[in-house]
Amino acid sequence: MVSGGVSLGSYEAGFLYYLVESMKLSPDVFDVRIATGASAGSINGLLTLLSACDAKSTDPKTSLFYTTWTDIGFPGLFDPKQKSPISLFSRNTMNKVSDRILARVGQGFPESCDVVLGVTTTRLSPKRDALGSRSQLDLPRAEERFVVRLRGKGNGKTPILENYVDPTYGFPQVLLPFEDNPRPTETLRDLLYASSAFPFAFQPVTLPNCLTNPRAPNAPCLPGTASRTPFVDGGVFDNQPLGLASRLAGDGLLPGGTRAAFASPLKRQNKLPSDDAIVVYVDPELTSFSRPPEKTEAERMKSAASLGMHYMEMFVESARTKELLSVLEATPELRERLAIAATDVPPVSQSLASFFGFFDKRFREIDFYLGMRAARNFMDERLAAHVSRVRGDSPKLGHYEDVANTNLEPYRCIRAVLDAQGSPGDTCRNVAPELRAGLQTSIARLYDTCASAREMGSHDFGESHACERAMRGAEPPKVPYVPIVPAKFNRKSASESELSYVVRLLVGYGFVFRDLGLGRVDAARAEREIHENLREVMDSFASSQPEMGTAVSALGRALLGTLTYVPASAIVHVSIGPVIEAGASFRLGAGKSRFLRAATALDFGGLSSFSGGGGAYVTLAPMAGIEAEILPLSGPALQPRVGLRGGYLFSSEDGFATGACDDGARRVCSRPTAQAYVAATAFDRIRLQLAFAMLFAQRKDEDFSWSILPTGGIQFLWP
């Protein structure tokens with residue numbers, strides 16, 4: 001059973017790749033027959049079954065697990081030419097990846113390959129089912145669970161794809177039109193697209209489908225007669241399809257024998273799986289280490305906004321886990337047969353609601369190897385105990401690295417640093433610097449999370465000894481050849497967003513964001529580039545709306561502001577009021593000093609003199625100074641700043657300081673000037689400024705003078 005995880009699918013892929021390849025080394029112990037999944041987990045579920053049917057693999061980089069997830073990056077997901085009013089991303093890269101998977105399916109599998117895939121989906125519009133023939137009560141049916149059986153016919157022959165349901169069961173079962181279908185593998189691909197169609201990220205997928213009728217159980221589901229229904233992500237209501245996995249194992253698998261076999265036809269009886277069945281649950285969001293305590297009830301109820309946000313979070317979490325809780329409540333015996341794979345080191349891709357991994361291929365690579373290492377520990381610490389309980393003995397389990405030694409350097413480096421298996425200096429020497437930086441970042445985040453939990457009063461370090469060391473104040477272990485950083489560099493400050501924190505760690509440890517087109521830059525520049533990419537997506541999405549585009553844009557930018565904001569490297573503005581001002585500012589630092597900016601401006605004044613009866617004149621005032629952005633109040637929607645600048649005002653009255661000024665009391669003579677100002681920019685474009693301008697006396701009988709200069713205009717950013 002594999003949960004959804006967006007870009008964390010790469011972590012799941014590494015875990016499942018190692019697990020399945022290791023299980024192949026113990027065929028008398030393991031027989032992989034069923035996989036169920038939601039969203040990204042449905043894709044990895046299929047890859048698990050294909051891998052179980054395939055020959056042994058000795059190079060992770062040639063596996064479908066690796067190539068599927070490392071090839072899906074942000075440039076391929078976002079195509080500004082393919083705007084859609086209902087989705088942010090396209091499936092350009094996914095189509096290429098799926099073609100590779102379908103090509104492998106088309107090459108065939110041995111006849112011994114007989115596996116079942118369960119996939120959860122959600123109807124875009126619930127189907128209404130009446131309760132009884134004349135009942136006024138109709139039930140909305142949004143969740144659907146497709147079950148597909150794949151049977152090999154031999155190498156070189158396309159395997160048989162068929163629905164695996166009990167058509168005589170009293171409740172309608174959903175079917176795919178595999179019969180008389182010239183392209184059944186494409187129907188399977190569309191099913192995976194539908195299950196992973198995360199709302200607003202990807203377009204809903206229209207699937208041809210049928211529902212069984214107990215009164216006509218043998219009615220075929222044909223492409224020409226199937227209904228066409230739009231579906232979205234299966235993780236919306238069933239992100240952990242344990243019930244589906246349990247039912248398929250209980251009703252479908254026949255007991256006895258070394259190799260499992262499926263009942264044909266399936267007779268649904270809702271039986272529990274046999275005693276020798278083990279359900280492996282993979283979810284990268286489950287952790288074996290402590291986390292900071294959640295908000296107290298008093299904090300949740302301090303305002304309508306905080307309580308409303310709590311309700312929303314509670315609704316989403318409950319909707320995604322309700323099926324799992326219902327199954328465990330109805331059949332608590334399953335707890336003993338459930339082997340849960342928990343994460344003990346945060347994957348790099350976890351930020352930005354788990355979309356962060358799409359911004360660089362190296363993130364997905366290091367997460368793949370972190371998943372492999374997690375699978376090794378899972379086999380030793382959890383799975384072996386389950387096998388011993390089932391068999392009554394402790395068989396020796398094979399491990400992938402016992403027979404493979406190609407492209408395993410990152411895996412061995414991770415094992416050496418985290419598990420003291422080998423020499424870190426030797427095993428990490430030939431690993432790419434970006435992968436070492438990613439590993440160090442994951443370790444740093446683990447230690448910060450556990451230290452924060454301790455500071456907030458928690459004493460529970462879970463099952464992680466590393467977390468225990470962090471709670472006692474230890475520094476994170478060092479990955480060899482990673483740049484030296486100051487003490488406490490791994491600690492997240494209260495003013496840092498999650499993205500700012502992770503990017504700061506990565507850059508500090510030597511990561512280069514090549515997929516973003518960046519060389520070695522400071523963390524603020526890298527974060528700004530990510531911000532600009534996300535804003536381009538939001539702007540493209542808003543511009544494609546047939547109605548309320550402005551509202552969607554404002555909402556999108558507000559949402560983006562909760563995820564990331566970093567001051568631009570350079571800002572140029574033009575504004576008008578009593579003076580016309582052209583100005584620029586440049587960020588002076590990164591990290592904690594990123595709020596400081598060097599500011600320059602050129603004010604063109606004297607405009608009002610052209611409308612009066614006296615002589616007209618003009619002034620030019622070049623100025624330079626320093627500006628500070630108020631970061632706690634800043635975001636993509638609003639950026640307040642304060643500044644102080646000084647310079648010299650040149651007036652046409654004295655030839656721009658080249659001649660004498662006849663009347664020293666006049667305010668238009670050339671003289672030193674300074675301004676203190678406050679400014680606010682809305683949505684990075686509209687700039688409003690209020691300046692207190694001072695002119696200092698430098699001639700006899702010349703007075704100090706001041707004025708208030710309100711201006712408004714536009715500004716432009718450079719990342």
Side-chain angles (χ1 to χ4, degrees), residues 34 36 42 114-151 159-184 186-188 190-191 194-195 204-232 234 236-238 241-254 261-273 322-323 326-327 330-331:
I34 297 172
T36 62
S42 64
D114 188 2
V115 293
V116 169
L117 173 68
V119 174
T120 64
T121 60
T122 305
R123 290 178 181 268
L124 182 64
S125 300
K127 185 180 184 301
R128 314 296 299 194
D129 285 335
L131 188 63
S133 58
R134 296 186 177 181
S135 173
Q136 298 300 312
L137 175 62
D138 59 351
L139 304 177
R141 174 176 175 156
E143 306 152 70
E144 291 291 5
R145 299 168 181 85
F146 291 86
V147 182
V148 179
R149 185 178 182 182
L150 183 150
R151 291 189 288 165
I160 298 172
L161 292 173
E162 58 188 5
N163 298 290
Y164 193 57
V165 302
D166 178 6
T168 65
Y169 191 68
F171 195 81
Q173 311 291 295
V174 69
L175 307 172
L176 289 171
F178 286 130
E179 297 181 65
D180 295 336
N181 189 338
R183 294 186 290 273
E186 293 183 11
T187 301
L188 176 62
D190 292 343
L191 171 62
S195 180
V205 176
T206 300
L207 283 178
N209 66 97
C210 310
L211 290 176
T212 59
N213 184 350
R215 292 188 292 272
N218 297 321
C221 182
L222 304 175
T225 59
S227 301
R228 301 190 65 83
T229 309
F231 288 86
V232 295
V236 173
F237 291 111
D238 191 2
L242 172 62
L244 181 58
S246 172
R247 175 166 59 80
L248 291 172
D251 295 340
L253 287 177
L254 298 174
F262 286 102
S264 294
L266 177 68
K267 186 66 177 177
R268 185 166 176 180
Q269 304 172 67
N270 295 320
K271 295 189 302 184
L272 282 175
K322 73 175 184 66
E323 177 68 16
S326 298
V327 171
T331 54

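Please read all numbers here as calculations on a predicted model, not as lab measurements.
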Practice prompt. Using the test side-chain contact (heavy atoms from CB on, under 4.5 Å), find all partners of Pro265 that sit at least two apart in sequence or belong to another chain.
Written response: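 side-chain contact (heavy atoms from CB on, under 4.5 Å) check on Pro265 returns nothing, list empty.
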
Discussion item. Quick check: closest heavy atoms across Pro217 and Thr168, and the distance to 0.1 Å?
Written reply: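 Residues Pro217 and Thr168, closest heavy atoms: CB-CG2, 3.8 Å.
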
Item to complete: Return the minimal non-hydrogen interatomic distance between Pro241 and Thr36, and the atom names on each side.
Response: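 The answer is O-OG1, 3.3 Å.
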
Pairwise distance [atom1]([X]) to [atom2]([Y]) - rounded to 0.5 angstrom:
X	Y	atom1	atom2	answer
Leu191	Thr121	CG	OG1	7.0 Å
Leu161	Leu188	CG	CG	6.0 Å
Arg141	Thr122	CZ	OG1	12.5 Å
Asp190	Phe231	CG	CZ	12.0 Å

Return the set of residues passing side chain to side chain donor-acceptor pair (under 3.5 Å) with [X] (not counting sequence neighbours), or none when no residue passes.
X	value
Asn163	none
Arg183	Glu186
Arg151	Glu162
Asp180	none

Discussion item. Between Glu179 (side chain only) and Pro177 (backbone N and O only), is there a donor and an acceptor less than 3.5 Å apart?
Written reply: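 No; zero donor-acceptor contacts below 3.5 Å.
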
Worksheet item: Counting N and O atoms only, with roles assigned by atom type, does the side chain of Asp251 sit under 3.5 Å from a partner on the main chain of Gln269, one being a donor and the other an acceptor?
Response: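 Checked: pair present.
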
Worksheet item: What residue pairs, at least two apart or across chains, pass side-chain hydrogen bond (donor to acceptor under 3.5 Å, both in side chains) with a residue in residues 204-219?
Response: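 Only Asn209-Thr229 qualify under side-chain hydrogen bond (donor to acceptor under 3.5 Å, both in side chains).
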
